[in-house]
Amino acid sequence: MGKIIVEVMLKPEILDPQGQAVGNALPRLGFTFAQSVRQGKRFEIEVVGEPTPAMLADVEKAAEEFLANTVIETFVVKVEK
Amino acid sequence: MGKIIVEVMLKPEILDPQGQAVGNALPRLGFTFAQSVRQGKRFEIEVVGEPTPAMLADVEKAAEEFLANTVIETFVVKVEK
Amino acid sequence: MRVGVVTFPGTLDDRDAARAVEYAGAEPVSLWHGSDDLKHVDAVVLPGGFSYGDYLRCGAISAKAPIMKSIIIAAEHGFPVLGICNGFQVLAEAHLLPGALTRNADMHFLCTDQTLKIENNSTMWTTGFTAGQEIVIPMKNAEGNFNCDDATLNELESEGRVIARYVGVNPNGSRAGIAGITNKRGNVVGLMPHPEHAIDLLTGPSKDGLTFFTSVLNAMVK
Amino acid sequence: MALDTVTNAAATPDFELPFEQLGLKADEYEKIKGILGRRPTGSELAMYSVMWSEHCSYKSSKVHLKQFGEKAPKSDALLVGIGENAGVVDIGQGYAVTFKAESHNHPSFVEPYQGAATGVGGIVRDILTMGARPIAVMDPLRFGKADAPDTRRVLPGVVAGIGGYGNCLGLPNIGGEIVFDETYAGNPLVNALCVGVMRHEDIKLAQAHGAGNLVVLFGAKTGGDGIGGASILASETFNTSKPTKRPAVQVGDPFAEKVLIECSLEIFAEDLVVGIQDLGAAGISCATSELASAGTGGMNVQLEKVPLRDPSLSPEEILMSESQERMCAIIEPSKLARFMAICRKWDVTATVIGEVTSGDRLNITFNGELIVDVPPRTVAHDGPVLTRPMARPDYLDSLKPVVLDVVETPDAIKAAVLKLMASPNIADKSWVTKQYDKYVQGNSILAQPEDSGMIRIDEQTHLGVAISTDANARWSYLDPYNGVKLALLESCRNIATSGAKPLAITNCLNFGSPEDPGVMWTFAETVRGLADICLEMGLPVTGGNVSFYNQTGKVAILPTPVVGVLGVIEDVRTRTSMAFAVPGLELIQLGNTDDNFSGSEWAHLHGQMGDRAPTPDIDQETRLVKLLLEGQSLFAAAHDISNGGFAATISEMVLKSNIGATIDLPAQYIPGGVTAGLFAETPGRVVVAVKPSDVVALNVLAEKHGVPFHKVGVTGGDALVINDATIPLTELRTAFTETFPKLFG
Ligand SMILES: Nc1ncnc2c1ncn2[C@@H]1O[C@H](COP(=O)(O)OP(=O)(O)O)[C@@H](O)[C@H]1O
Ligand SMILES: [Mg+2]
């Protein structure tokens, strides 16, 4: 069983209401470390056997077309070791 | 500016309707690589200067108490290089 | 008797909950999330809505509000608390109730007239019902899918703490069709559907919801 | 970074600004120079270009829309008319109601969820700005063919966006429309209507009065949203540091808007504002210039004080930014402290960015340097007015009459009704409407799928309002002048069928390119028709919206004038639903059927358009409305006949009631026979259910009002029986309900 990770974040210029709300709440809870918070999605995809380059290309395609909304989001595909 | 990442995923024993929906959609779109998909959250936290151990401890605490709901979720804190 | 209705930023059904409290014959008292003052009310309703926009997790940010600190303490001493929809989510996030409310199985927001079976009529909020009674009240949420681990589920079932279950098709994938639960003591109740929207036939599908509010009144005078 | 200041502009008269990229014509640029007596600065050009755009200046439609003023009927109901953010009408008991529709068509095609969501956000702020609490929304929608792949992308996103934003604001969605037609492929129509209520004395206006009063910006921080044009400026003027990437689409923050609503209402309740304006299209440019030009004096603004989400924004971009969830208020200095306290309570960022002056200029500085010095009126109101060429389109000369097989045998009737009820335009819309909260606020008396949405205004007196939105684009295509009249008449009928009295209207006119003479002619005819019928019926037009350029290449959408009618009902407890509760009721059709199938759903299902829209019979429709209101106490149920004809209406009634009916349509008495009796969409008809003991009374009333009265059947059983065709409710329900889930999951 291999694992492929797809991380999806809003583009930096796009408003991130969720991240903002979290960022505003942290100080109220006494946490002062954050300058700013952005919230995104993380997909853990279990695949059969070791991820092949072909498979990764496929995942890239799926991320591009489906997992991320590239009008407002960017994504990275990683193999989890 | 340093960056700390908090990854939050549902515990394996907790049903993940979002991940499931994605997992079911992929084959319909012609993507056959996925055995199973889990969907979680990814927080990008910008901090001033290099993350210190004290700061990381603080982030751990914030994740434990707030960013994750440990009744159903697990989390990892990472420093982004 | 005075029943507090809490308003968090983004709360929507607070005025509706206050209306239901009035219909039931009690005095609604509006409580503000940012204050820890319970204004000497005899019970509290956490109404529905999208507090903090449902951001992070439904109810997660509100669960940390100053008013919740007072409610948690009071609840541990048997003070009656009803969490409706987002209010239920807040109670779960505040760990006054077990489990969590997650995304509906079909991913969609669902607004519908829902049939429920009342399974526990011994809580402070359900004494007015007969055990096994079926009621119809509105349900409207995107994250009403009750979720918990097996141990919690067994505990809830064995202790009869499931107060209401969905009848017919499971509308959102909730474990064991759970629509509402209570704490061990029966003073804290969380319910996904909206009783405050079923208090007259002009604006709701039934009057069944009113009984939750009259129940707590009777529980108090006793 | 070097600023293009006023001094600098005066010193460099020959510097050419990229006005074409900002959508300005050469003569418009010259006009600006004329107004200023010099070339504009980059910031001034930014303001003029957005404010003089089609969207903000109505440059193509102005010459036609003025008919709404010229032909305006006398009405004491109208408290605030066209021109303000939304019109306001008096509904009695000291209550004022405001309602308006907006389009967010193109953004919803680019990014369906966010486009539709921010569309709702925008119209809700318009209503809030009038001083009203928003109490309900509606969403008339148009999409390409239901089974087209792109419709599968657009529709679910749009619906989720409308629900996601509206539900989060706590606004019940009480109605709308969903229509599919291939001309909307690539041009979906996402119109959103919002209605709000206030007391007369609480009406607010967008005016900056009183020298020394403060200009306060409150709500979300300003980001680089919706400023494609200005970015060009920022990079092409003296601005050396190239701006960072600008968002392709805007993301709405419904939570921020919900908090803004509650915060504003608390501010209004304490009467803390002199004037207020929401920030929508053209953002700060629009708010400041409109507030100033509607006021008595001028205005100074210190632009660097605007709180930014993206610090890299240039002044031009700050002026043009369309970031959502922002408002601009004019406040007396003595009331600032209290204003700020309320904003703090709600965690709303509020900043004083300027003050009202005794002068007559709008002066904007950036870090002390003067970058804008204009007469505000010239920006807000003196935009170009075009008289575009118009020509009756040729297609009108090549229309073909509808030719259809007769539907008469039981088998044919059953098959036809099932086919109609399963067709996307008629099929059950609850896959959509289940995603909308219709209960929140606890005052929803009627909501989809009823003929109109109805909201209780006062819990003690039971006063309420009803709203219906309608458009029949195919009739507007066949005959734009009469098409829009028919839409208005249907909307009024919907209102009266529910038991309310039509009071005022709004509109959202969706058309193709105004540069196409055919489209322009159709638009002109539509406005003429709407203005005429409003005068004839004595209904004031409270406002509206025009959306042009809805077309792909040469193909324009069907002309789609959406009309929204607001009605008043003295006691909501007397409202009439489309569902009947018991068997044994008499079913009566009020109004006659004729044999014109043009523009009907039945013809559409057979790939035909037809050749002539029905002729609106305003007199008969008016009498029908009177009858419906006077006979209200007799009706156990009532449902308007429109899309899909009698067959659709009776099917919707029996399914909602879960009680069958036995219908007898005597072919010989109906022009066009049973086929027309079932499927023709002859206007001016309503089906009502009454107790047998009330039939005579209704008949008498119908004669009094001169409205045709036809017994068509009785309620009861578990099937819809039409002549000798038996359609079990279960079968009918399956056909009706399975279409949307099959199409959209
Ligand atoms: N997009 C929508 N949002 C909310 N309600 C809708 C929508 N589309 C249709 N409806 C509701 O479904 C019902 C039937 O729609 P429609 O056939 O357009 O009604 P009518 O023919 O009376 O205009 C109406 O109550 C309408 O308000
Ligand atoms: Mg209708």
Side-chain angles (χ1 to χ4, degrees), chain A residues 1 3-48 55 58-78 80, chain C residues 6-12 14 31-37 46-73 85-87 89-96 100-109 141-143 145 147 149:
Chain A
M1 274 296 176
K3 218 179 235 179
I4 300 176
I5 306 299
V6 180
E7 296 171 351
V8 179
M9 300 297 294
L10 283 163
K11 294 178 180 172
E13 68 271 19
I14 298 278
L15 172 72
D16 174 11
Q18 295 223 61
Q20 213 174 43
V22 172
N24 295 339
L26 284 171
R28 287 201 301 271
L29 304 175
F31 298 106
T32 55
F33 50 76
Q35 281 289 94
S36 82
V37 180
R38 307 277 295 173
Q39 178 176 336
K41 303 194 189 93
R42 182 171 185 278
F43 296 93
E44 261 182 35
I45 305 172
E46 276 192 0
V47 299
V48 225
M55 190 188 280
D58 238 25
V59 176
E60 283 277 342
K61 191 154 175 295
E64 175 78 38
E65 294 172 6
F66 177 58
L67 296 177
N69 172 358
T70 50
V71 180
I72 53 174
E73 297 171 323
T74 57
F75 64 88
V76 234
V77 175
K78 301 176 176 173
E80 179 149 290
Chain C
V6 179
T7 300
F8 299 98
T11 293
L12 304 179
D14 43 357
L31 302 176
W32 183 243
H33 73 104
S35 151
D36 58 7
D37 180 3
L46 303 183
F50 286 75
S51 63
Y52 291 98
D54 274 1
Y55 299 149
L56 183 59
R57 294 178 309 276
C58 304
I61 302 180
S62 299
K64 308 287 187 197
I67 195 79
M68 288 308 296
K69 294 194 172 60
S70 310
I71 289 175
I72 289 167
I73 294 163
C85 195
N86 188 230
Q89 295 162 336
V90 173
L91 291 174
E93 282 286 342
H95 307 308
L96 281 173
L101 286 308
T102 58
R103 190 90 185 150
N104 292 348
D106 74 353
M107 295 297 116
H108 292 306
F109 183 97
N141 62 65
E143 316 225 348
N145 182 345
N147 216 324
D149 56 30

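Throughout, a chain's letter reflects where its sequence line sits, starting with A, and its residues are numbered from 1.
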Measuring heavy-atom distances to chain A, does C:Leu56 have an atom under 4.5 Å in its side chain, in its backbone, in both, or in neither?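 Both parts, backbone and side chain.
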
Anything in residues 7-19 of chain A with a heavy-atom distance to chain C below 4.5 Å? Please list those residues in order.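 The stretch touches chain C at A:Pro17, A:Gln18.
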
Which residues in residues 23-39 of chain A have any heavy atom closer than 4.5 Å to a heavy atom of chain C?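 Residues in range: A:Ala25, A:Arg28, A:Leu29, A:Gln39.
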
